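Notes to accompany the following structure.
Here, residue 1 is the first one in the sequence, and each next residue gets the next number. This one's a predicted model, so the numbers in the text were calculated from it and none came from an experiment.
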Amino acid sequence: MSHDKYESPLSQRYASKEMQYIFSPDKKFKTWRKLWIALAETEMELNLLGEDGQPRITQEMIDELKANAENIDYDMAKEEEAKVRHDVMAHVHTYGASCPKAAGIIHLGATSCYVGDNTDVIIMTEGLKLVRKKLLNVLNELSKFAMQYKDLPTIAFTHFQPAQPTTVGKRATLWMNEFFMDLQDIDYMISQQKLLGSKGTTGTQASFLELFNGDHDKVKRLDKMIAEKMGFEDVYPVSGQTYSRKVDSRVLNVLSGIAQSAHKFSNDIRLLQHLKQIEEPFEKNQIGSSAMAYKRNPMRSERIASLANYVICDALNPAIVASTQWFERTLDDSANKRISVPEAFLAVDGILDLCLNVVDGLVVYDKVIEKKFMEEIPFMATENIMMDATKAGGDRQELHEKIRQYSMEAGAIVKKEGKENNLLELIAADPAFGKTLDELKALMEPSLYVGRAPQQTEEYINEVIQPVLDANASELGLTAEINV
């Protein structure tokens with residue numbers, strides 16, 4: 001690590017080695033070479049002829065290119081770029097230096113976007129697949145958590161005020177459902193990824209039509225065959241010099257969606273940790289605060305939120321770029337997308353590692369949850385108490401008003417005097433309800449008030465999530481290492 005120049009925290013602190021490599025220079029330039037090989041090999045297979053009527057490209061040339069595909073002299077490439085001020089041509093010259101027989105046919109008929117844009121699509125697609133794998137693992141861990149705690153009643157919150165009870169497991173399905181929507185978006189986006197192909201300088205394929213002496217069929221096949229060699233089913237049917245920059249915007253919108261889901265999840269964990277009901281993992285030697293030694297700050301959840309904020313804002317970059325392109329190509333996209341696209345992927349990679357780490361180590365304090373539940377449940381039970389009294393012949397309106405008054409009185413005792421909730425005692429003392437204190441306490445069984453939460457949890461896991469996890473079993477089993 002260098003200490004005298006800026007290095008991105010995304011690489012130093014947050015993103016995994018796998019995601020960092022996908023967006024590394026080595027991955028990019030090796031992909032360029034694979035694309036050059038695919039272009040030359042396809043031109044040979046389509047019998048591209050030279051001016052003498054002989055095959056322009058030979059198998060010997062292809063073999064030479066393949067033999068040197070990963071033999072990249074980065075020092076030479078740097079020197080060449082300093083001379084020609086063009087990164088693609090610098091690497092064409094560098095590749096040609098190690099392939100003297102094939103030097104003249106490298107990049108034949110292509111423009112810079114042939115390697116640049118096709119590589120961007122390939123790299124983004126690989127990045128999406130890694131994100132997808134991590135998202136599946138987050139869903140897998142959350143499904144285990146949800147099933148383990150599907151029956152544990154807890155006070156639900158609306159407006160962060162106590163509301164009708166749910167279960168800890170059911171709440172986890174709410175987090176899962178948002179991540180599951182993100183998974184669906186990723187699957188769709190991966191299915192839509194296409195290569196730019198070999199479109200030429202303004203997308204008309206004029207240079208390739210010239211090479212193949214006006215043979216439109218061969219030029220069309222060139223596009224399709226290159227895509228297949230690079231693992232894609234198709235190319236974009238029309239383009240300017242570049243693929244539409246709307247592609248980058250669509251991809252980053254998917255990543256922004258994941259960030260939104262993760263942020264919401266982290267908010268809930270942080271609030272629950274404040275309530276001392278659920279805590280994120282806290283290691284034996286971890287320091288929560290440099291000043292307050294007793295503190296157990298939800299630092300990982302806070303980091304999720306912090307990175308998520310960045311990704312959500314970062315997704316605006318390709319939207320602006322896409323909306324401001326001119327005609328067939330301008331270059332005001334280049335510098336921006338070199339930064340915004342990789343950083344979104346690296347940040348989401350870090351977010352999902354954190355989510356996986358947090359979910360895998362969540363600590364549930366069931367006694368605290370139960371205590372909070374029992375403090376609030378008398379208020380929740382008043383509707384049932386009132387209905388029972390009504391069935392016994394009581395006047396509903398009169399009973400409703402009594403419960404309203406007793407609830408206000410009990411609330412004041414809790415809030416103003418700091419005493420225990422005495423609502424049940426107040427109701428038991430009123431003969432209009434016809435219930436003893438013991439009878440009322442018997443109605444305080446938590447499971448009576450969670451509705452179908454346990455069943456909903458089971459149904460959601462078994463019917464929606466588990467089939468997806470089963471279909472992707474080979475992707476599961478990840479654990480996340482947190483650097484700091």
Side-chain angles (χ1 to χ4, degrees), residues 22-43 48 56-57 61-62 64-66 68-126 195-208 210-211 222-223 226-227 229-230 232 235-236 239-245 247-248 321 325 328-342:
I22 289 173
F23 287 91
S24 69
D26 191 62
K27 174 71 173 178
K28 177 172 78 171
F29 296 129
K30 285 178 179 176
T31 305
W32 283 12
R33 292 197 171 187
K34 289 178 182 177
L35 284 159
W36 280 323
I37 292 169
L39 175 62
E41 190 171 48
T42 306
E43 289 172 336
L48 177 64
R56 181 72 179 83
I57 301 172
M61 294 175 181
I62 301 300
E64 186 180 52
L65 289 174
K66 289 182 176 180
N68 289 278
E70 298 193 359
N71 177 26
I72 303 177
D73 186 340
Y74 285 110
D75 291 334
M76 179 181 176
K78 186 176 181 181
E79 292 170 6
E80 286 292 319
E81 186 170 358
K83 286 190 290 186
V84 301
R85 299 294 178 185
H86 197 288
D87 56 351
V88 173
M89 290 312 300
H91 276 268
V92 168
H93 295 163
T94 302
Y95 200 5
S98 58
C99 301
K101 295 174 184 175
I105 57 93
I106 297 171
H107 200 66
L108 187 59
T111 189
S112 299
C113 288
Y114 169 71
V115 287
D117 274 34
N118 284 320
T119 294
D120 284 350
V121 171
I122 291 166
I123 284 174
M124 285 193 294
T125 303
E126 288 196 27
L195 285 190
L196 170 68
S198 50
K199 294 296 197 296
T201 54
T202 60
T204 65
Q205 297 177 298
S207 58
F208 294 105
E210 179 71 21
L211 282 175
L222 179 71
D223 238 2
I226 289 171
K229 289 179 190 294
M230 299 307 297
F232 286 77
V235 295
Y236 287 106
S239 74
Q241 187 180 113
T242 70
Y243 63 75
S244 168
R245 292 312 183 222
V247 174
D248 298 340
V321 167
Q325 289 295 285
E328 282 69 41
R329 205 274 191 271
T330 50
L331 200 61
D332 51 356
D333 59 334
S334 178
N336 186 290
K337 77 196 297 291
R338 284 173 188 257
I339 302 168
S340 62
V341 174

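With sequence neighbours left out, the salt bridge (charged side-chain N to carboxylate O under 4.0 Å, His left out) criterion links Lys78 to no other residue. Listed by chain and number, the residues in a side-chain contact (heavy atoms from CB on, under 4.5 Å) with Ser334 are Leu331, Arg338 (sequence neighbours excluded). Partners of Ser239 under the side chain to side chain donor-acceptor pair (under 3.5 Å) rule, at least two apart in sequence or in another chain, do not exist in this structure. With sequence neighbours excluded, the residues that form a side chain to side chain donor-acceptor pair (under 3.5 Å) with Lys27 are Glu126. In terms of the side-chain contact (heavy atoms from CB on, under 4.5 Å) criterion, residue partners of Ala40 (sequence neighbours excluded) are, by chain and number, Ile57, Ile62, Leu65, Ile105. Contacts of Thr125 classified as side chain to side chain donor-acceptor pair (under 3.5 Å), with partners at least two apart in sequence or in another chain: Gln193. For Asp332, there are no salt bridge (charged side-chain N to carboxylate O under 4.0 Å, His left out) partners, not counting sequence neighbours. For Lys229, the salt bridge (charged side-chain N to carboxylate O under 4.0 Å, His left out) partners are Glu41, Glu45, not counting sequence neighbours. Partners of Glu80 according to the salt bridge (charged side-chain N to carboxylate O under 4.0 Å, His left out) rule, which considers only residues two or more places apart in sequence or in another chain, are Lys83. Not counting sequence neighbours, the partners of Asn71 by the side chain to side chain donor-acceptor pair (under 3.5 Å) test are Asn68.
Here Ile122 contributes atom CD1 and Ile22 contributes atom CD1; the two are 12.5 Å apart, rounded to the nearest 0.5 Å. Distance check, rounded to the nearest 0.5 Å: CD1 of Ile106 to NE2 of His93 gives 9.5 Å. Atom CZ of Arg33 and atom CD1 of Ile72 lie 4.5 Å apart (nearest 0.5 Å). Once rounded to the nearest 0.5 Å, the distance linking CG of Asp26 with NZ of Lys30 reads 3.5 Å.
Here the closest heavy-atom approach between residue Ala38 and residue Ile226 is recorded as O-CG1, 4.1 Å. When every heavy atom of Ala102 is checked against every heavy atom of Glu64, the shortest pair comes out as N-OE1, 2.8 Å. Pairing each heavy atom of Ala77 with each of Ala90, the nearest pair is O-CB, 3.6 Å.
Screening Asp223, Thr204, Thr242 against Lys199 for a side chain to side chain donor-acceptor pair (under 3.5 Å) leaves a single residue, Asp223.
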Kindly list each side-chain donor-acceptor pair under 3.5 angstrom involving residues 108-117, sequence neighbours excluded, with atom names and distances?
from: Ser112; atom 1: OG; to: His86; atom 2: NE2; distance (Å): 3.3
from: Tyr114; atom 1: OH; to: Leu35; atom 2: O; distance (Å): 2.6
from: Asp117; atom 1: OD1; to: Arg245; atom 2: NH2; distance (Å): 3.2
from: Asp117; atom 1: OD2; to: Tyr243; atom 2: N; distance (Å): 2.9
from: Asp117; atom 1: OD2; to: Arg245; atom 2: NH1; distance (Å): 2.9
from: Asp117; atom 1: OD2; to: Arg245; atom 2: NH2; distance (Å): 3.4

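You'll find the side chain of Asn118 stays beyond 4.5 Å of the side chain of Met230, heavy atoms only.
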For Trp32 and Asp87, run side-chain contact (heavy atoms from CB on, under 4.5 Å): C-alpha distance rounded to whole Å, both residues' side-chain angles, the deciding distance at 0.1 Å, then the answer. CA-CA 11 Å; Trp32 283 12; Asp87 56 351; 3.9 Å; yes
Taking it one step at a time, do Asp120 and Lys337 satisfy side-chain contact (heavy atoms from CB on, under 4.5 Å)? CA-CA 10 Å; Asp120 284 350; Lys337 77 196 297 291; 2.6 Å; yes
Can Phe232 and Val121 be said to form a side-chain contact (heavy atoms from CB on, under 4.5 Å), step by step? CA-CA 10 Å; Phe232 286 77; Val121 171; 3.9 Å; yes
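No donor-acceptor pair under 3.5 Å is formed between the side chain of Gln241 and the backbone N or O of Arg329.
Between Phe29 and His91, the ring planes lie parallel to each other; the angle is under 30°, not in the 30° to 60° tilted range.
Identified under the side chain to side chain donor-acceptor pair (under 3.5 Å) test for residues 94-106, with sequence neighbours left out: Glu60-Lys101.
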